[in-house]
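Inspection log for the structure reproduced underneath, given as structure tokens.
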Amino acid sequence: MYVKSCPFCGTRLDEFYATSMLGCPNCYKAFEMEIKLALKKIQGRDFHVGKTPSGVAIDKELLNEYKKLLSDKELAVINGDFAKVNSLSAEIFKLKKELKDRGLI
């Protein structure tokens with residue numbers, strides 16, 4: 001019985017179907033048609049549309065803002081600017097709630 005496999009690393013097509021993992025960069029060429037069919041079945045198309053899913057960019061932006069606020073607050077504490085510390089704490093509290101609601105922290 002013939003089982004299609006990558007000529008470079010030996011990964012078999014049935015292994016790809018079982019794990020969704022390829023063995024080497026050459027597998028992409030060896031299993032090109034099968035990969036395209038699998039992508040079309042899973043994603044509805046067999047080509048790449050964008051780098052980041054729409055919600056992920058917003059999540060990343062919120063996490064970056066949260067880190068920046070924490071850093072700014074730390075600097076305000078070091079400088080003794082406690083009015084700014086209080087203001088930043090309020091912003092951090094609101095943002096932290098949103099991040100928790102989104103399941104990001």
Test question: given the 4.5 Å side-chain rule for I, L, V, M, F, W and Y, name all other residues clustered with Val77, or answer none.
Phe82, Val85

Joining Ile, Leu, Val, Met, Phe, Trp and Tyr whenever any side-chain heavy atoms lie under 4.5 Å apart, the cluster holding Phe93 also takes in none

Mind checking side chain to side chain donor-acceptor pair (under 3.5 Å) for Ser89 and listing every partner two or more places apart, or none if nothing turns up?
Lys73

Rounded to the nearest 0.5 Å, what's the gap from OH on Tyr66 to CG on Leu104? Could you check?
11.5 Å

Of all heavy-atom pairs linking Ala30 and Cys6, the shortest is CB-CA, 4.0 Å

Report the residues that fulfil side-chain contact (heavy atoms from CB on, under 4.5 Å) with Lys41, sequence neighbours left out, ordered by chain and then residue number.
none

What pairs of residues pass the salt bridge (Lys or Arg N to Asp or Glu O under 4.0 Å) test when at least one of them lies in residues 4-33, not counting sequence neighbours?
Lys4-Glu34, Arg12-Asp14, Arg12-Glu15, Lys29-Glu32, Glu32-Lys36

How is the hydrophobic cluster of Leu37 composed, in terms of its other members, when Ile, Leu, Val, Met, Phe, Trp and Tyr link through side-chain heavy atoms under 4.5 Å apart, directly or indirectly?
none

Carefully, step by step, assess Leu75 and Asp81 under the rule side-chain contact (heavy atoms from CB on, under 4.5 Å).
CA-CA 9 Å; Leu75 189 59; Asp81 188 352; over 6 Å; no

Nearest-0.5 Å distance, CG of residue Asn26 to OG1 of residue Thr11
10.0 Å

Answer yes or no: is there a side-chain heavy-atom contact under 4.5 Å between Leu70 and Leu88?
no

Using a side-chain heavy atom cutoff under 4.5 Å and only I, L, V, M, F, W and Y, what cluster partners does Phe16 have?
Leu13, Tyr17, Leu22, Tyr28, Phe31, Ile35, Leu39

What is the distance from atom CG of Leu99 to atom CD of Glu65, rounded to the nearest 0.5 Å?
10.0 Å

Applying side chain to side chain donor-acceptor pair (under 3.5 Å) to Lys97 and not counting sequence neighbours gives Asp101

Report the residues that fulfil side chain to side chain donor-acceptor pair (under 3.5 Å) with Lys68, sequence neighbours left out, ordered by chain and then residue number.
Asp72

Residues in salt bridge (Lys or Arg N to Asp or Glu O under 4.0 Å) contact with Glu98, at least two apart in sequence or another chain:
Arg102

